[in-house]
Amino acid sequence: MSTTKKSTKPRKASKGAADPALDADWEVAPTQALRVGPGFDLAAFDRRSTPGFAGDKASGQALVARHADELSELQERLFAEGRSGGSRSVLLVLQGMDTAGKGGIVRHVVGLVDPQGVAHRSFGVPTPEEREHDFLWRIRNALPRPGYIGVFDRSHYEDVLVARVDELVPPAVWEARYDEINRFEEEVVAAGTTIVKVALLVSYEEQRARLMERLERPDKFWKYNPNDVDSRRKWPAYQEAYQAVLDRTSTETAPWYAIPADRKWFARLAVSELLLDALRGLDLGWPPADFDVEAEKKRLAAT
Ligand code: AMP
Ligand code: MG
C-alpha cells in the first residue's frame, strides 16, 4: 500500500486515524463520502457542499498540491508496468453540464502527471462515421491502452443524457442502453481497467454565472456555445436524465461519484483523491529488470 517515496514520510495524525493515507481534513474518506449508492437524490444534492471534507479552500488547494508527487509516481509505475507487459490501466470518466468544470479537472488534476502517460479524449456530437456504428464503437476505440490513464471528457453517458433529453433515438433505444453500458463496463474492468466515474454537479445558478462570465470576457468567448443556453433551458429534463444514470449505472464494478462542483477547489480536490485512490488500489511496484543488472554494469564499466 504505502510503497511510494512520499507516502513513507510521516503524516499528520488524522481524526479517523484508521487510514494513514487520509488527511486530517477528511472526516469521511472521499470514496465513501462521494459514492453514489441506492436512494441518491440529485434534487436534494447541495452543489456547494464539501462532503466528508472539513477543511477550507486554502487547505483543499494545499492538499491537492501535496498529492502531486504521489500521483505522479504512481502514474509512472503504471506506465512502466504497461511497458513491461502489464494489462492494467485507469479510466477517468468526466460527466457534467456545460461549465461544470470538466476542463478544469483535466488541467488541474490530470495535469499533475506526465502527459505522456495520459490518453485524453473528448466526445462531441458523433461524426457521420461514428453514427454508422453502435454508440459504444467510438468509446471502445478510445479506451486506454495498458499503462495509461485514460480521460473521457463526456462519454458513452451522453447516449443516455443528450440522446434521451433531445429524443435523438426512440425511448426503447436509450432505455436499453443502461444495461448495455453496465455490461460494457463489466467487460472493460475485467480486461484490467479501473474505471472512475465522476459526475460534476454544478447548480443552475452557478451555471448561469459561469456562462455569463464567458460572455463578458473576450478570453472566454471561445468556451461559449449558443447551444449551451438551449441545453440550459432543458435543465429539469437533464437533471432527470442524470438521476437515471446515477440510479441505474452506479455499480459495484464501476460506481459513480457525485461531486459538488460549485466550488472548483473542492471538485479538483475530490477528483484528485479519487484518482489517487484508484492508483493506490493497484498496488503498483516497479517492473524487475529483464536483463542481468550486474553483467550490464560490467559491460558499461568496460566502455
Ligand atoms: P462540449 O463538451 O461542451 O464541447 O460539447 C460537446 C457537445 O457534444 C455537447 O453538447 C454534447 O451534448 C454533445 N454530444 C456528446 N456526445 C454526444 C452524443 N453521443 N450524441 C449527441 N450529442 C453528443
Ligand atoms: Mg460546452
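Counting begins at 1 with the first residue of the sequence. Order of appearance sets the numbers: ligands from 1, and atoms from 1 within every ligand.
Counting side-chain heavy-atom gaps under 4.5 Å among Ile, Leu, Val, Met, Phe, Trp and Tyr, Trp222 is found in no cluster with other residues. Other cluster members for Tyr148: Phe79, joined by side-chain heavy-atom distances under 4.5 Å among Ile, Leu, Val, Met, Phe, Trp and Tyr.
Neither side chain, Glu180 nor His156, offers a donor N or O lying under 3.5 Å from an acceptor on the other.
The minimum distance between the Mg ion (ligand 2) and any N, O or S atom of Asp98 involves atom OD1.
Both Phe184 and Phe123 sit in one connected hydrophobic cluster of ILVMFWY residues. Membership requires side-chain heavy atoms under 4.5 Å apart, directly or through other members. Linking Ile, Leu, Val, Met, Phe, Trp and Tyr whenever their side-chain heavy atoms come within less than 4.5 Å leaves Tyr157 and Leu200 in two separate clusters.
Legend: residues meeting side chain to side chain contact (heavy atoms under 4.5 Å, CB included) with Thr193, ordered by chain and number and at least two apart, are Ser89, Leu91, Pro144, Val188, Ile195.
Contact residues for ligand 1 (protein heavy atom closer than 4.0 angstrom to any ligand atom): Asp98, Phe123, Gly124, Val125, Pro126, Arg138, Arg154, Glu158, Asp159, Val162, Leu168.
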